[in-house]
Amino acid sequence: MTTTTKRGGTPALAIGAIALMLTMAGCSGTPSGNGEYIGATSGPLGVVKIDGDTVTFTSIECPGKSNYSSDTSVGQLNKDRTRITWTQSGKYHGSDEITINDDSVKVGDRDFVPRNGSQGKTMYDEGMKTCGS
């Protein structure tokens with residue numbers, strides 16, 4: 001007598017598990033970082049805007065005042081989203097490392113927080129105080 005074991009569900013289950021792992025791996029990549037971020041330290045306001053692969057940094061001193069000035073740098077992110085190559089020089093030129101997290105961005109050695117978050121709003125208000133607003 002010959003005994004046959006049927007395993008019809010096992011290959012389908014294994015394929016489903018592999019597909020799920022690949023999907024989850026795709027979700028665990030680098031955050032997109034799209035949005036506006038403001039410098040997390042006091043001093044002149046620095047705003048970083050990430051839109052797809054384009055990064056714009058603007059240093060703003062006393063917006064709305066007669067002595068208002070700004071300096072803008074524009075750059076492109078590399079494929080890994082870890083480096084910016086500046087294509088329009090301002091404060092930044094050449095290239096810089098960038099670290100994009102869910103709740104912050106770091107360009108070179110300067111930290112930025114979401115512009116619309118509580119810390120971002122506080123930093124903006126503090127920057128405006130230095131302008132006498």
Side-chain angles (χ1 to χ4, degrees):
M1 178 171 188
T2 306
T3 307
T4 306
T5 306
K6 213 172 189 186
R7 297 182 186 210
T10 304
L13 183 59
I15 291 170
I18 291 169
L20 178 61
M21 287 188 303
L22 291 174
T23 301
M24 295 301 286
C27 293
S28 64
T30 303
S32 74
N34 286 335
E36 286 191 7
Y37 300 83
I38 191 163
T41 57
S42 60
L45 294 176
V47 178
V48 169
K49 181 178 180 183
I50 301 174
D51 185 9
D53 292 336
T54 302
V55 177
T56 305
F57 170 84
T58 306
S59 176
I60 305 171
E61 295 187 29
C62 299
K65 297 289 187 173
S66 60
N67 60 342
Y68 166 81
S69 67
S70 69
D71 188 14
T72 300
S73 302
V74 179
Q76 292 294 308
L77 289 170
N78 67 351
K79 182 179 177 182
D80 297 333
R81 301 178 75 78
T82 57
R83 193 153 205 70
I84 306 167
T85 300
W86 298 105
T87 56
Q88 176 184 326
S89 295
K91 175 179 173 54
Y92 292 103
H93 56 283
S95 66
D96 282 288
E97 289 184 21
I98 184 169
T99 304
I100 302 171
N101 297 307
D102 290 329
D103 59 352
S104 65
V105 169
K106 185 171 189 168
V107 177
D109 61 353
R110 190 165 179 193
D111 295 310
F112 297 85
V113 295
R115 166 74 176 88
N116 292 325
S118 60
Q119 187 180 1
K121 289 177 182 176
T122 299
M123 295 312 299
Y124 181 81
D125 291 345
E126 288 298 315
M128 294 306 291
K129 284 181 188 175
T130 63
C131 295
S133 296

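Everything numeric in this text was worked out from a predicted model, so none of it was measured.
- With values rounded to the nearest 0.5 angstrom, R115 atom CZ is found 8.5 Å from K121 atom NZ.
- Across every non-hydrogen atom of V47 and E36, the tightest pair is CG1-OE1, 4.3 Å.
- Residues F57 and Y37 have side chains not in contact (no heavy-atom distance under 4.5 Å, counting atoms from C-beta outward).
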Under the side-chain contact (heavy atoms from CB on, under 4.5 Å) rule, what do F112 and K106 come out as? Steps first, then yes or no, please.
CA-CA 6 Å; F112 297 85; K106 185 171 189 168; over 6 Å; no
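- In D125, the CG atom is crowded: over 12 heavy atoms of neighbouring residues, nucleotides or ligands sit closer than 6.0 Å.
- Taking each heavy atom of T72 and Q88 in turn, the nearest pair found is O-NE2, 3.9 Å.
- With salt bridges taken as basic N to acidic carboxylate O contacts below 4.0 Å, one links D53 and R81.
- Across every non-hydrogen atom of S89 and S73, the tightest pair is C-OG, 4.1 Å.
- Aromatic ring pairs are classed by plane angle as parallel below 30°, tilted from 30° to 60° and perpendicular above 60°; the pair W86 and Y92 is parallel.
- For the side chain to side chain contact (heavy atoms under 4.5 Å, CB included) test with L77, the passing option among T85, I84, T54, T82 is I84; the others fail.
- Heavy-atom minimum distance, I98 versus I50: CD1-CD1, 4.2 Å.
- To the nearest 0.5 angstrom, T87 atom OG1 is 14.0 Å from H93 atom NE2.
- Here the closest non-hydrogen pair linking R110 and G46 is NH2-N, 3.6 Å.
- More than 12 heavy atoms of other residues, nucleotides or ligands lie within 6.0 Å of CD in Q76, so this atom counts as buried by the packing criterion.
- Residues I38 and L45 meet the side-chain proximity criterion, which asks for heavy atoms closer than 4.5 Å.
- Nearest heavy atom pair, residue A40 against residue V113, reads CB-CG1, 4.0 Å.
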Should V55 and V74 be marked as a side-chain contact (heavy atoms from CB on, under 4.5 Å) after you check the CA-CA gap, both sets of side-chain angles, and the distance that decides it?
CA-CA 6 Å; V55 177; V74 179; over 6 Å; no
